[in-house]
Each structure stands twice: as structure tokens, then as C-alpha cells.
Protein chains: 2
Amino acid sequence: MTIGRTLESDPIEEARRQWIAHGWDNAAEGMAAVTSIVRAQQIVLQRIDTVLRPLDLTFARYEILTLLSFTRTGSLPMTKMGALLQVHPTSVTSAVDRLESQGFVERVPHPTDRRAVLASITEAGRARALAATTALNGQVFEQLGITEHQINQLRTVLRALRANAGDF
Amino acid sequence: MTIGRTLESDPIEEARRQWIAHGWDNAAEGMAAVTSIVRAQQIVLQRIDTVLRPLDLTFARYEILTLLSFTRTGSLPMTKMGALLQVHPTSVTSAVDRLESQGFVERVPHPTDRRAVLASITEAGRARALAATTALNGQVFEQLGITEHQINQLRTVLRALRANAGDF
DNA sequence: GACGGATATTAGGATATCAATGTTTTGCAC
DNA sequence: GTGCAAAACATTGATATCCTAATATCCGTC
């Protein structure tokens, strides 16, 4: 994690100037916005991973665990989870593989569809998910370093972007 | 790319409701904002990769190529690139490995520092970078699907987040 | 001249995507 | 209804990428 040396100027602002200098004015703001998103994701995911590492979780596995803990039965078909979390079936398989080896999830045959497999959260999984959420709430989600107004602006704008991409 | 099935409701809004239902009100907005960032990055990066794939580039390699094309000499030390693009030294090494095998970049010994290695862009690299930028401008950066006002809101808020993280 | 720091690389582990496969369900023609 | 083709589900193997840790080389300072 030694890449975070402080720079004298904002690299994204510098790139935006370059875009305008090359006559790509129409794309300059969009480029800067996209690059900002990529970089912001890098920052928050790094914080999240730092918090989750002592709990032996990654963000992907945490999302699965939390999703399962919110369901009535504590279980969901693999495909359903992939659709809700927007991840590939193979990613679900490997994440559940790991969660199962950690004892946080069990694979259960689907009661009516013999193709499908349910992932079912265990008591240990529930406890770990709760610990992780508590840690993330206090150390990441409540510490973004921007104002509440800005947080809501962010949510609104990104919801528009997601909606436009056909997310929901 | 079959994960993009349209959902009936917004999963992030659903998660936010769950957070509030569990009494985690203080963290709910931040959680929703962070999750939105992660998902937005997923969306834009997927579009970028789709555009860059026919050009045999990834976003990381494209960033390196474009950065080099903006310099006076067309070359930079590896470490300097890692600092500017906020990526690990190992990522720079492997990206330059690939770019070099593609003929877009050459490794050149540093004139005064025998530890350092310069990555120098080739003519083929310049041409490919320009083609990629043209494609990205038209197909991604100018097509985000949100208003110009929203794009600038996004830039402003994320700059605050990045500044707070010590990016510049 | 020795030592700490910087530079780049290699090796190994984890994750994500793609392509292909085996199994099961579903839909449609008849 | 029956039977067959198409689609859905989960997995495996192959590939690419990123991060961590460790290593070898070189620079600069005391």
C-alpha cells in the first residue's frame, strides 16, 4: 500500500487540461468524471479491504453474506445472488466455495429445482457478517470525508447513471 | 456479459432500507454512496473494456500509453508512472511487459540512474493510443447518459473525496 | 565506506472474466 | 400427453489482472 504518495497537483485535472488542449472539449468533462469514478472506487475499496482483512473477508464475500442475512430463510439460489449483486455466475461459485470452506455458508440442494443450489448462511456466518458491518459502518461508511449533502448528490447522480445503464 | 438482467427495483435502495431497518441510520447514506461508486465503476469500466478490446488494450495499459503520449520526450520512469496513475509498481511492470510485447512501448535505461527504467512510447503506440482515445471519447466519455450539470457535480464531489484521501 | 532508502522485478495468492461442459428444466410441435 | 430442442443452472479450466511479500541492484547520505 505504498502507492499513495501525495502529489503536488490533481492528476485528473491535469488530464482534463490535456484533453482540452487536444481539442477534445466535448469529451473532457466525461473523461474526468469517469476517471474520478475509477479512482474513487479504488480508494473506497482499499479502505473496505483494510477493514475486512482481519475478518478474513473480501468485499465480494461480505456482500453475499450480508445479502443472505437479510433474507427470511437465510438462503438464496446462486443465480439469484448473482443477479442481485451483479456478478458473474463463476464469481458466485468461487466466492461461495471460499465461504463454505470458512464455514460461513452451506450449499443446500434446491427443494424443487434439481439444477439449482441454495447458499445458506450459518450462525458463524451471521456473526461474522454483523461484525463486518459494524466495522464498516464505523470505519468507512460514516467516514467518507465529504458532507452529507455531497453524499446525497453522489447517490442521486450515480443512480441516474445506473438507471441509464439498465441496472433496474 | 450476461449478468445485466434488468431488475424490478434498485438493489442499492433496497440495501439502504435494510440499513435503516436495522438501526444503522448514520451509516445508511454512506453505505449507499459507496455501493453506488463500486457499481458505477463496474459499469463504466465494462464499457471501456468493450471499446478497448478490439484495440487489444485494457484500461490500465491505455492509461499508461496516453500518459506517455502527453510527455515531451514520450518516456517516463516506471515509478513516476505508478505514482501519477496510482497503481502498484508490480502492476506497472506487468502492464509495461505486455505493452512492450505488443510493440507499443520500449524499455530504455535511465540516462543517469542505473536503478531506474524508462518506458518509452513507440510510433505504433502513439497511433494506437490516439485510436483508443477517439473511440473512448465518442463511445463512452460523451455518452454517460447523465446531464452536464450532473457530470460536474460528480467531478466536484469525487474531487473532495479524493482530496480527503490524500490523493493530491 | 557502510547503511538506509529507492527502483524494478519475480513468485505466489486471490479475484474476475470467458469458453466449454454436464445436468436438469422448460417450451413447443405434434 | 409425448418427445425433442432450447434454455437455464452450476461448475471447471484457462487466462488476465491486481496485490502482497520477498529479492537483487543501485543511489545517496552520514
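In the text below, chain A, chain B and the rest are named by the order of the sequence lines, each starting its count at 1. Keep in mind that what you see is a predicted model, and the values were worked out from it rather than measured.
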Does B/H88 have a side-chain nitrogen or oxygen under 4.0 Å from the phosphate oxygens OP1 or OP2 of D/dC19? yes
Round to a whole Å and report the spacing from CG of A/L118 to P of D/dC9. 13 Å
Which ones in residues 93-110 of chain B lie close to DNA chain C, meaning a heavy atom under 4.0 Å from one of its atoms? B/T93, B/R107
Would you mind reading off the distance between B/I48 atom CD1 and D/dA16 atom P, rounded to a whole angstrom? 21 Å
From OH of A/Y62 across to C1' of C/dT15 the rounded distance in Å is 19 Å
Can you check the A/M78 CE to C/dT23 C1' distance for me, whole Å? 15 Å
If the condition is side-chain hydrogen bond (donor to acceptor under 3.5 Å, both in side chains), which residues does B/Q102 pass it with, not counting sequence neighbours? B/R61
Looking at C/dT17, I'd like to know if its phosphate oxygens (OP1 or OP2) sit under 4.0 Å from a side-chain N or O belonging to A/S91. yes
Across all chains, not counting sequence neighbours, the salt bridge (charged side-chain N to carboxylate O under 4.0 Å, His left out) partners of A/R155 are B/E13, B/E29
Distances under 3.5 Å only, N/O to N/O: pair up the protein atoms with those of nucleotides 26-30 of chain D.
from: D/dC27; atom 1: OP1; to: B/R114; atom 2: N; distance (Å): 3.0
from: D/dC27; atom 1: O4'; to: B/R115; atom 2: NE; distance (Å): 3.4

A/Q42 CD to D/dC19 C1', straight-line distance once rounded to whole Å: 12 Å
Once you round it to whole Å, what is the distance between P of C/dT17 and CD of A/Q86? 11 Å
In this structure, how many angstroms lie between the C1' atom of D/dT20 and the CG atom of A/D49, rounded? 12 Å
Mind calculating the distance between CD1 (A/I43) and P (D/dC19) to the nearest angstrom? 13 Å
In terms of heavy-atom contacts, does CD of A/E106 have more than 12 from other residues, nucleotides or ligands at under 6.0 Å? no
Only pairs at least two apart or in different chains count here, so list each ring-ring contact (aromatic ring centres under 6.0 Å, His included) that has a residue in residues 21-49 of chain B. A/F70-B/H22, B/W19-B/W24, B/H22-B/W24
Assuming nearest nucleotide by heavy-atom distance, tell me which of B/T90 and A/T58 is located more 5' along DNA chain C. B/T90
Not counting sequence neighbours, list each pair that qualifies as a ring-ring contact (aromatic ring centres under 6.0 Å, His included) and has a residue in residues 38-62 of chain A. none
salt_bridge(B/D10, A/R162) N-O dist < 4.0 Å: yes
Set of residues satisfying side-chain hydrogen bond (donor to acceptor under 3.5 Å, both in side chains) with respect to A/T73, sequence neighbours excluded: A/S75
Who clusters with B/L118? Use side-chain heavy atoms, under 4.5 angstrom, across I, L, V, M, F, W and Y, and order the result by chain and number. B/V108
Report the residues that fulfil side-chain hydrogen bond (donor to acceptor under 3.5 Å, both in side chains) with A/Q143, sequence neighbours left out, ordered by chain and then residue number. none
